[in-house]
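See structure below.
This one's a predicted model, so the numbers in the text were calculated from it and none came from an experiment. Below, chains carry the letters A, B, ... as their sequence lines are ordered, and counting in each starts from 1. Note that these values count all heavy atoms, side chains included, but never hydrogens, waters or copies made by symmetry.
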2 protein chains.
Amino acid sequence: MSDPTILIVDDEPAIRDMIGITLDLAGFNSMSAETAHQAHVAIVDSRPDLVLLDWMLPGGSGIELARRLKRDELTSTLPIIMLTAKTSEDNKVQGLDVGVDDYVTKPFSPRELVARIKAVLRRSSGTQQDKVIRVFDLQLDPSSHRVTIEDTPVDMGPTEFKLLKFFMSHQEKVFSRDHIQDQVWGGNVYLEERTIDVHIRRLRKALSSIEPTSINYARLIQTVRGAGYRFSVKPA
Amino acid sequence: MSDPTILIVDDEPAIRDMIGITLDLAGFNSMSAETAHQAHVAIVDSRPDLVLLDWMLPGGSGIELARRLKRDELTSTLPIIMLTAKTSEDNKVQGLDVGVDDYVTKPFSPRELVARIKAVLRRSSGTQQDKVIRVFDLQLDPSSHRVTIEDTPVDMGPTEFKLLKFFMSHQEKVFSRDHIQDQVWGGNVYLEERTIDVHIRRLRKALSSIEPTSINYARLIQTVRGAGYRFSVKPA
DNA sequence: ATATAATATTACAGTGGTGTGACAGGAGTA
DNA sequence: TACTCCTGTCACACCACTGTAATATTATAT
């Protein structure tokens, strides 16, 4: 996996720069946003691996953003570290209540910040992203970037892998082509709608290639006419 | 859910028309305003789903309008996409700062514009909080776009799905064909009245197809002679 | 009972959404 | 450089779905 990208959300340019430099030195990619709005746009567009979020954004929108991110299913697994000048227990509790992953109080040392970031990334990658997803004898292992059916490797391109990973981690739910594009390609790429179809086709083809040992796993990728596609264990 | 309405605010008629045509082709309803004042009236009156706002309105009132809309509680959630000829980062930052949801620089391709509009609408519409509707062993799940009877999937077309969803979320109430047409097909299509009957028939057929394990769910769709149809748990 | 209005049912042709193969350009590699 | 793999797009084919008209059936009124 390439270097994780960290989004810094703070209204003070000096803080943003300082943290940015620190993170670069520590081997992270960093990007920054000044407001909650900017941050939300950046998150949807660029899908960072972690967000450093200032508690005290103008308008008190910091915690509001955190709450929104955790509420929305699509961003709820995105790790968030809150930055705050206050040390009061109240805030801490309130922050963790929202579902924030960790908490750093200003002033903090670069070393502490980096350590906490690494810890959170390690924790979240252990539990969330890198967990093997299994459906019957179809296995997808994010960490080794591999898909197997009954322990036989399935050959597919990177895009099909991402597509399958997205579907397998959001089963039994229909996604429009637009939605799929957002999730798999990212928010600021413009595709012909039918392109999705072609990749679906390639994914199905890949899943069928191993057969016919047992069930046809391509059937799990279901077309919902007029609505989009769905990964489902139940028959269509 | 009918087509979203987009308000175009630009002082140049040519631009308004061009965008209007683009949006119509993409399946949106569009309306336009020439000045910030007109726009504000239109917003209050017609409550569009999104505003495309030219940055450079005469009198520099574009950004002023954006700020006002975001400040006013009643319109603060209305998504705004700024249009501008400038590519400078300054404007971008300033625009996002005001709370604008996205930013498109002229000249832009119709495809990009439509893609951004869709993305913003998707983002702002929040997570679908659609809950599963259940009547006895008949279940309709909007998020997976599925209808099941005793966990057996029921096959039906998109229109029948919408029809059933409408009925199940408005039980024990009679609806005229006109009303059903408005709700399921949308307001601006002309249908032969009998067409509704045919879809009712198709829906009943689909609901009967799973049987005969227990009750006949087609009976829940009741004909009310001279008035319309009704979804009811009680016998007719 | 018969007539009449309202609804049910069937059949059908047009359309739009999706599946599929082919292709050219691009990114990465040897 | 030549090669390979991958990607996005197009063009064509196919079929599920749609709306309508025509016919059959049922309910209400005379």
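- If G228(A) and K205(B) are placed on DNA chain C by their nearest nucleotide, the residue sitting closer to the 5' end is K205(B).
- Looking at R202(B), its side chain comes within 3.5 Å of the base of dG19(D) through a donor and an acceptor atom.
- For the pair L191(A) CG and dT7(D) P, the interatomic distance rounds to 12 Å; values are reported in whole Å.
- Taking atom OH of residue Y190(A) and atom P of nucleotide dT9(D), one finds them 13 Å apart after rounding to whole Å.
- Listed pair Y229(B) / dA8(C) meets the phosphate criterion, a side-chain N or O lying under 4.0 Å from OP1 or OP2.
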Test log, rule ring pair (Phe, Tyr, Trp, His ring centres under 6.0 Å), inputs Y229(B) and F167(B): CA-CA 9 Å; Y229(B) 296 96; F167(B) 274 129; 7.1 Å; no
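- Distance from the side chain of W185(B) is smallest to dG19(D) among dG19(D), dA8(C), dT9(C).
- Atom pair Q222(A):CD and dT18(C):C1' shows a separation of 15 Å (rounding to whole Å applied).
- Atom CG in L203(A) sits about 17 Å away from atom P in dT18(C), given to the nearest Å.
- The R225(A) side chain lies nearest to dC17(D) when the options are dT9(D), dC17(D), dA21(D).
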K205(A) and E160(A): CA distance, side-chain angles, deciding distance, salt bridge (Lys or Arg N to Asp or Glu O under 4.0 Å) verdict: CA-CA 10 Å; K205(A) 206 171 181 179; E160(A) 283 72 42; over 6 Å; no
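- The distance between atom NE2 of H199(A) and atom C1' of dG19(C), rounded to the nearest whole Å, is 15 Å.
- Here the nucleotide nearest the side chain of D197(B), chosen from dT18(D), dT9(C), dG8(D), is dT9(C).
- For dT18(D), the OP1/OP2 oxygens have a side-chain nitrogen or oxygen of T159(B) closer than 4.0 Å.
- Distance CD (E193(B)) to P (dA21(D)): 13 Å, rounded to an integer number of Å.
- With 3.5 Å as the limit, one finds no donor-acceptor pair spanning the side chains of T159(A) and R202(A).
- When the P atom of dC5(D) is taken as reference, atom CG of D155(A) falls 9 Å away, rounded to whole Å.
- Within a 6.0 Å radius of NE2 in H179(B), other residues, nucleotides and ligands contribute 12 heavy atoms or fewer.
- At whole-Å resolution of the value, CD in E192(B) and P in dA11(C) are 21 Å apart.
- For T195(A), no side-chain nitrogen or oxygen approaches OP1 or OP2 of dT7(D) to under 4.0 Å.
- Residue R194(A) has no polar side-chain atom (N or O) positioned under 4.0 Å from OP1 or OP2 of dT20(C).
- The heavy-atom pair separating T22(A) from P110(A) by the smallest distance is CG2-CB, 3.5 Å.
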